[in-house]
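Heavy-atom basis, side chains included; hydrogens, waters and symmetry copies ignored.
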Amino acid sequence: NGYSYINDQILPTHTLAQGFPPPMPESLTNPTTGLIAVATNYGSTRVMQYNFTVQKEFSGNVVSAAYVAALTRHGLLSPNIDQPLPGPGNVDIRRPYYSLFPNISTISYFISANSANYHSMQLVFERRLSHGLTINSNFVWAHALTGGAPGQLINNWALEHGSTGTDIRLRWTFTANYRLPFDKVPNTFLKHVIGGWDLNAIAVVASGLPFTVTNATPRENISSAATQPGGATVSDRPNRLSGCAGYATNQTITSWLNAACFASQPLYAAGNSGPNILYGPPNRHLDLSLFKSIPIKEAVQVQFRAEAYNITNTPSFSNPAAAFGSSSFGVISSTVGTPRQLGLALKLLF
């Protein structure tokens, strides 16, 4: 049981020196806060990781291809077992444990029943230092799935099987460091001015994050407060029509989704649309830095840095509004990440 104590900020009636006030006892026969139950056969989570990698070196460079996977079993789930099934009428009195606990709406049942699967292909190219240049390029093609906790129906967990919320299908990263070839100029003055400069580059291109299409107006009537354990919203999802991908034909930030691919399910029924079935816009950015280290004496040097983050000022858009039936459905109204930023720095290294 948790409790809070509110003190007056102008004329406090209680101070920290007095210690915490005694908590108000919770009624054991008629509790008013959420309950937690733990399964008697609750077990430890098991994770299995495995990979198969082929690597080849040629001319000082290395390429590799790998299959990497991770399987999670007996993971934690905490469904609200006091969530009613869809139906008409007052939500609270339809809760399974209403007759025992009329003043609570959440009973978190901790069980070890979740599973997750991660499979990926990972390709790597590495150019080792040669003529002042090093390169590392990585490409990952992956998919992460999870069972999830009950959302729409407490008695049908299969509806919640789908991609994880962090499932990035494609991701390419490129890093390079190049010592500019001006160290061997014959003029001593020019050598000190234009020599010793290093250029760094980091490029990232990644597919978007998944999201769930929900109903703007709930159809199931399963939650008066629309909350699950931890404050998550109960997913009331519409029907997804067969043979329709869900995306607009010509996607723009004002029209990312196709509303014609979805339909409201019958009242007091669960929709067939799964969780995290659609993906948002990709993420792309290029960072550059130019720096030069000037030795002062042994183990002491001054470093000048010029840095540019997202130098192309390419916007990375957030996921679109996905409340089916709302006027903003499919509209992207914000960005993630940062716009172009430039910076200069002078460091003393010792």
Side-chain angles (χ1 to χ4, degrees), residues 46-73 115-146 162-184 194-210 245 247 251 276 278-293 303 305-317 319 336-338 340-341:
R46 184 169 69 240
V47 179
M48 297 168 284
Q49 297 177 324
Y50 51 94
N51 69 84
F52 176 78
T53 305
V54 177
Q55 190 174 76
K56 174 67 176 177
E57 181 179 359
F58 65 96
S59 303
N61 303 314
V62 177
V63 294
S64 64
Y67 166 63
V68 180
L71 306 180
T72 303
R73 299 294 182 266
S115 63
N117 300 323
Y118 172 81
H119 300 276
S120 69
M121 177 185 71
Q122 301 181 11
L123 306 177
V124 178
F125 169 77
E126 180 183 356
R127 174 192 168 97
R128 294 173 178 172
L129 180 62
S130 177
H131 303 288
L133 176 65
T134 59
I135 293 175
N136 192 289
S137 179
N138 298 266
F139 174 76
V140 178
W141 178 27
H143 194 194
L145 294 163
T146 185
S163 301
T164 66
T166 56
D167 179 45
I168 298 178
R169 294 291 187 89
L170 303 171
R171 182 179 176 88
W172 174 71
T173 59
F174 174 87
T175 62
N177 177 267
Y178 182 50
R179 170 59 65 93
L180 299 180
F182 303 130
D183 290 346
K184 297 182 179 180
I194 65 176
W197 287 93
D198 285 89
L199 177 66
N200 286 335
I202 301 175
V204 176
V205 178
S207 57
L209 287 169
Y247 301 106
Q251 287 181 308
N276 294 325
L278 300 178
Y279 288 78
N283 184 311
R284 297 161 295 179
H285 68 267
L286 173 64
D287 303 333
L288 296 178
S289 66
L290 182 67
F291 63 93
K292 176 183 174 68
S293 296
Q303 186 182 86
R305 300 182 65 91
E307 299 170 324
Y309 300 96
N310 191 13
I311 190 171
T312 59
N313 204 30
T314 302
S316 293
F317 294 101
N319 286 342
V336 295
T338 58
R340 178 169 49 220
Q341 294 182 349

Colleague: Could you list the residues that satisfy salt bridge (charged side-chain N to carboxylate O under 4.0 Å, His left out) with E307, not counting sequence neighbours?
Modeller: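 Here the qualifying residues are R305.
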Colleague: How are the rings of F58 and F125 set relative to one another: parallel (under 30°), tilted (30 to 60°) or perpendicular (over 60°)?
Modeller: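 Plane angle between 30° and 60°, so tilted.
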Colleague: Within a 6.0 Å radius of atom CZ on R169, are there more than 12 heavy atoms belonging to other residues, nucleotides or ligands?
Modeller: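 Yes, CZ of R169 has more than 12 neighbouring heavy atoms, counting only those of other groups under 6.0 Å.
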Colleague: If you compare all heavy atoms of A176 against all heavy atoms of I135, which two are closest, and at what distance to 0.1 Å?
Modeller: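 What the structure gives for the nearest pair is CB-CG1, 4.2 Å.
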Colleague: Looking only at heavy atoms, what is the nearest atom pair of G165 and P210, with distance?
Modeller: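 What the structure gives for the nearest pair is O-CD, 3.7 Å.
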Colleague: For A245, which residues count as a side chain to side chain contact (heavy atoms under 4.5 Å, CB included) partner, sequence neighbours excluded?
Modeller: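 Partners of A245 under the side chain to side chain contact (heavy atoms under 4.5 Å, CB included) test: Y247.
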Colleague: Evaluate the criterion side chain to side chain contact (heavy atoms under 4.5 Å, CB included) for residue pair W141 and L123; output intermediate values, then yes/no.
Modeller: CA-CA 9 Å; W141 178 27; L123 306 177; over 6 Å; no
Colleague: Can any side-chain N or O of S207 pair as donor or acceptor with the backbone N or O of L170 at less than 3.5 Å?
Modeller: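 The answer is yes, because a donor-acceptor pair under 3.5 Å joins these two groups.
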Colleague: Closest heavy-atom contact between T53 and S64?
Modeller: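 Minimum heavy-atom separation between T53 and S64: CG2-CB, 4.3 Å.
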Colleague: Would you compute the distance between atom CD of E57 and atom CD of E126 and round it to the nearest 0.5 angstrom?
Modeller: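 Rounded to the nearest 0.5 Å, the CD-CD separation comes to 9.5 Å.
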Colleague: For residues S137 and F174, report the shortest heavy-atom separation together with the two atoms involved.
Modeller: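 S137 and F174 have their closest heavy atoms at CB-CD1, 4.2 Å.
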Colleague: Just checking F52: does its CZ atom have more than 12 heavy atoms from other residues, nucleotides or ligands closer to it than 6.0 angstrom?
Modeller: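 Incorrect, the count does not exceed 12.
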Colleague: Kindly list each side-chain donor-acceptor pair under 3.5 angstrom involving residues 282-291, sequence neighbours excluded, with atom names and distances?
Modeller:
from, atom 1, to, atom 2, distance (Å)
D287, OD1, N310, N, 2.8

Colleague: How would you list, by chain and number, every residue that makes a salt bridge (charged side-chain N to carboxylate O under 4.0 Å, His left out) with R340, sequence neighbours excluded?
Modeller: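 None.
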Colleague: Going from NZ on K292 to CG on L199, what distance comes out if it is rounded to the nearest 0.5 angstrom?
Modeller: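 Here the rounded value is 14.0 Å.
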Colleague: Nearest 0.5 Å, what's the CG-CG distance between N177 and N200?
Modeller: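 Between atom CG of N177 and atom CG of N200 there are 4.5 Å.
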Colleague: For the residue pair R46 and R73, establish whether any side-chain heavy-atom pair is separated by less than 4.5 Å.
Modeller: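 Yes, their side chains come closer than 4.5 Å.
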Colleague: Might you point out which heavy atoms bring L145 and S163 nearest each other, and give the distance in Å?
Modeller: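 Scanning both residues, the minimum pair turns out to be CD2-N, 3.7 Å.
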Colleague: Please test N138 against N136 for side-chain hydrogen bond (donor to acceptor under 3.5 Å, both in side chains), starting from the C-alpha separation and ending with a verdict.
Modeller: CA-CA 7 Å; N138 298 266; N136 192 289; 2.4 Å; yes
Colleague: Output all residues satisfying side chain to side chain contact (heavy atoms under 4.5 Å, CB included) with T164, sequence neighbours left out; order by chain, then residue number.
Modeller: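 For T164, the residues satisfying side chain to side chain contact (heavy atoms under 4.5 Å, CB included) (neighbours in sequence not counted) are A144, T146, T166, D167.
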Colleague: Looking only at non-hydrogen atoms, find the nearest pair between T134 and R128 and report the distance.
Modeller: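 Nearest pair, atom of T134 first, then R128: CG2-C, 4.1 Å.
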Colleague: Under the rule for ring-ring contact (aromatic ring centres under 6.0 Å, His included), what residues qualify as partners of Y178, not counting sequence neighbours?
Modeller: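 Y178 satisfies ring-ring contact (aromatic ring centres under 6.0 Å, His included) with no residue once adjacent residues are dropped.
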